[in-house]
Protein chains: 4
Amino acid sequence: MTAPTDRRAQLAEAAFEVFTSRGYRNSAVADIVAAAGVSHGSFYNYFTNKREILDAAIDYGLESLGPQLTPPTEPAADLDEFLDAMTAPFRALHEFAMTNDRLVSLIVFDAAAIDDALTNRVIEVVESVAVDWQHQIEHGVQAGFLRPGLDAQVLGEVMVAMTLVVLLPAQGGAPLPGGLDHVISQIAEFLRAGLAAPAPHA
Amino acid sequence: MTAPTDRRAQLAEAAFEVFTSRGYRNSAVADIVAAAGVSHGSFYNYFTNKREILDAAIDYGLESLGPQLTPPTEPAADLDEFLDAMTAPFRALHEFAMTNDRLVSLIVFDAAAIDDALTNRVIEVVESVAVDWQHQIEHGVQAGFLRPGLDAQVLGEVMVAMTLVVLLPAQGGAPLPGGLDHVISQIAEFLRAGLAAPAPHA
Amino acid sequence: MTAPTDRRAQLAEAAFEVFTSRGYRNSAVADIVAAAGVSHGSFYNYFTNKREILDAAIDYGLESLGPQLTPPTEPAADLDEFLDAMTAPFRALHEFAMTNDRLVSLIVFDAAAIDDALTNRVIEVVESVAVDWQHQIEHGVQAGFLRPGLDAQVLGEVMVAMTLVVLLPAQGGAPLPGGLDHVISQIAEFLRAGLAAPAPHA
Amino acid sequence: MTAPTDRRAQLAEAAFEVFTSRGYRNSAVADIVAAAGVSHGSFYNYFTNKREILDAAIDYGLESLGPQLTPPTEPAADLDEFLDAMTAPFRALHEFAMTNDRLVSLIVFDAAAIDDALTNRVIEVVESVAVDWQHQIEHGVQAGFLRPGLDAQVLGEVMVAMTLVVLLPAQGGAPLPGGLDHVISQIAEFLRAGLAAPAPHA
DNA sequence: CATGAATGAGTGTTCATTCAT
DNA sequence: TATGAATGAACACTCATTCAT
């Protein structure tokens, strides 16, 4: 019925739907093949075990996550552009998390329960985002609009950590106080004051 | 072997060890009773099901976490005291997480996969910590050493999120760049610049 | 709290309540001791096992059944008295079964599922009732108002079997068509025609 | 070993053997699969639970019962034919019960202990037999060889009840006094006298 | 005789994985 | 490559019975 070449993709997509709606441990291989409309035995022609299709399902999910997460690679020219670039992912992540809460849950919470390989994979994604922010900050220091002496690596990770604020509401946390725009503007002001170079004396 | 009165505690402790080393879903009741040196049937004299002992195991783990987590209830008198109070939990949390990494993993990562009740419990702990920080900030604004216009609620949650920086290394993340002291001093400087009231013009 | 001498009776009564409301196999010793307000361990001071208390519970139940079941021992003097004596137990049994349906169910249906000893006990009760009816019929033949040539033993058992008609409604069967009085009068007419000696030619 | 198409039937047959020899509650799924020479897990490919295979096992047993139970559908032409038709099932039932005593026990005695659905199923079988007898009687009244004024519905149920006489010996009761033929002839005479229309005056 | 904690064999059920066709 | 029946180890949970106090 489906072209044989994308049986694997078809199964991965079905697994994504099943895993994100039931969680990894609560999902049976039988659920996945049923969702894919494929025979039970066929599963093992494409994946050696249940664990393996989890990677494929997460890949499938991440294909839509990636672009929104990455901040612009062009370094900001001045402080205002910098703040825009730093806060843009907060908005994107919040919206992504609100509409894909089960995927976030799958990646973040199921991962650690399954094995170290998956945990490390998640951590790598997180670290790579931190590095993007780190570069923005390094450039801002060099360009002179950020305070000298900033440790860009530490602050890149601080930025990553701060995204938790906009992710938690999607995972059952309290709604953002004052709404997303207000929270982002507070963060922007916090960053402006916290990171900007002191105003030169007139 | 153990005083009969705390069989329940004995089982909870064993469950804590088992859950933190294998994860909740990968642990069998048989593992717990084996670790406790108790018969299989006895388990159900003390807990009505496997889910119930998870609460007890987490309680057991949290008894040592609680005190270290809470920031001082005395409001800070000036900016330096404030920064000390704000950053102290980072050190405590880092040390706790480094020595109790499996408990953190159990609480943070297993919770969501199990129950909404447990997820909510975790979120409540987190929110309560956010509120403590929020009060510190509110007081600092009133006392005049923090910038007016700060939204203490938002920034309290930002603080909670930032703790992720010192928690991740215990969960398999990269080691803290420059060490804990360096990271904390960077955060302190960030907070000082980001939150302090502008210096009055001489 | 209770006189120690009737602990056994107290347990038997509790067992009767528990067994008749839940069935033997679905009742736990824990249920019985809870209903009796007695400690779990005490049970085995009075009964060697769960099976044994079933006998005691049935004894307890039968104490109220016995009198209503037995037809009058005085032999009937004529055909009308005979028919009254033969049909009276139908009314009694119907009423007993309607108000004690769970006991009937326990005795009749649980018995066979448990062991042959209990089955035989039930059958003995039934046979003893059959013998009572048999004697009535034998006497009627001798007195001349019943047809000669009747096999009183066979017809005694037929009478026992016929009681099933008035027992089934209590066990979930259809209600008696026309009501109990109508059914009994039909049976009486059936017996009159079926058993009476032919009217002497005038 | 067995044609794959009737694994379900194979299991049902094994369950029938197990249930009729041990009773439903005393039989484990493990016993059934062992008797069928099938793996434990296979059971749940064919039945969703233990309760479900009981229905199949009873169906299996009833396939041989059904035909013998049903009285002829052709209405009797005269009193002698009527008595033959009425008593024929007694012989059939007796023989069935003697050779299938454990099935009868399973159906009659286990049913009530299990659930209402099964109890109702048994009662429906019984009622349907009663209706067959009822029709015979109705026809006999119309044809004039049975007494007018008979309530065919009541007497149909009385007939069903009377079959108990020939069923009990298979369940551990005393043997039929005088043998089956004698008992049936006694019942036939009883019915003849009890139901026949009065002989017209010469 | 009273207690209730301890026991452990037994239950029905699930599911990832295999393999003959 | 496709299939789906077959597998069996593992699971959470029950409960009649024992026994030290």
Side-chain angles (χ1 to χ4, degrees), chain A residues 1-2 4-5 7-8 25-34 37-53, chain B residues 1-8 10-11 25-33 36-53, chain C residues 1-2 4-5 7-8 25-34 37-53, chain D residues 1-8 10-11 25-33 36-53:
Chain A
M1 219 171 260
T2 309
T5 48
R7 264 290 150 86
R8 199 185 144 94
R25 294 301 299 263
N26 292 324
S27 304
V29 172
D31 298 327
I32 298 169
V33 295
V38 161
S39 85
H40 199 158
S42 272
F43 179 89
Y44 291 89
N45 292 332
Y46 297 97
F47 300 94
T48 64
N49 54 38
K50 184 186 167 191
R51 170 67 183 81
E52 201 183 274
I53 202 177
Chain B
M1 216 171 263
T2 308
T5 46
D6 43 17
R7 259 295 144 84
R8 197 185 147 95
Q10 178 190 0
L11 279 163
R25 296 299 298 263
N26 291 324
S27 306
V29 172
D31 298 327
I32 298 170
V33 296
V38 159
S39 85
H40 197 159
S42 272
F43 179 89
Y44 292 91
N45 291 335
Y46 296 96
F47 300 94
T48 63
N49 52 40
K50 185 188 167 190
R51 171 66 184 80
E52 202 184 273
I53 203 178
Chain C
M1 222 172 254
T2 309
T5 48
R7 264 288 150 86
R8 199 185 145 94
R25 296 300 299 262
N26 292 324
S27 305
V29 172
D31 298 327
I32 298 170
V33 296
V38 161
S39 86
H40 199 158
S42 271
F43 180 89
Y44 291 89
N45 291 332
Y46 297 96
F47 300 94
T48 63
N49 54 38
K50 184 186 166 190
R51 170 67 184 80
E52 200 183 274
I53 202 177
Chain D
M1 216 172 261
T2 308
T5 47
D6 43 17
R7 258 295 142 85
R8 196 185 148 97
Q10 179 190 0
L11 280 163
R25 296 300 297 265
N26 291 324
S27 306
V29 172
D31 299 327
I32 298 169
V33 296
V38 159
S39 84
H40 199 158
S42 272
F43 179 88
Y44 290 92
N45 291 336
Y46 297 96
F47 299 95
T48 63
N49 53 39
K50 184 188 167 190
R51 171 66 183 80
E52 201 184 272
I53 203 177

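Proteins come first, then strands; the chains are lettered A, B, ... in the order of their sequence lines, and each starts at number 1.
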> Heavy-atom distance under 4.5 Å between the side chains of D/Val29 and D/Tyr44, does that happen here?
Replying inline: yes
> Between B/Ser42 and B/Val38, what is the shortest heavy-atom contact and its length?
Replying inline: CB-CG1, 3.3 Å
>> So B/Phe43 and B/Ile53, do their side chains get closer than 4.5 Å, heavy atoms only?
In response: yes
> When you check every protein heavy atom under 4.0 Å of nucleotides 13-21 of chain E, what one-letter string (B, S, -) results, 5' to 3'?
Replying inline: BBBSBB---
> Of all the nucleotides listed (F/dT7, E/dT3, F/dG4), which has the minimum atom distance to the side chain of D/Arg7?
Replying inline: F/dT7
> So, is A/Tyr46 close to the F/dA2 phosphate, meaning a side-chain N or O under 4.0 Å from OP1 or OP2?
Replying inline: yes
> If you look at every heavy atom in A/Thr48 and A/Glu52, which pair is closest and at what distance?
Replying inline: OG1-OE1, 3.0 Å
> Which pair of non-hydrogen atoms, one from D/Gln10 and one from D/Ala36, has the smallest distance, and what is that distance?
Replying inline: NE2-O, 3.0 Å
> What closest approach, in Å, do A/Val33 and A/Ser39 show between heavy atoms, and which atom pair accounts for it?
Replying inline: CG1-O, 3.8 Å
> Considering Watson-Crick and G-U wobble pairs with both distances under 3.5 Å, what does E/dA20 pair with?
Replying inline: F/dT3
> So which one's nearest nucleotide on DNA chain E is more toward 5', C/Ser39 or D/Asp31?
Replying inline: C/Ser39
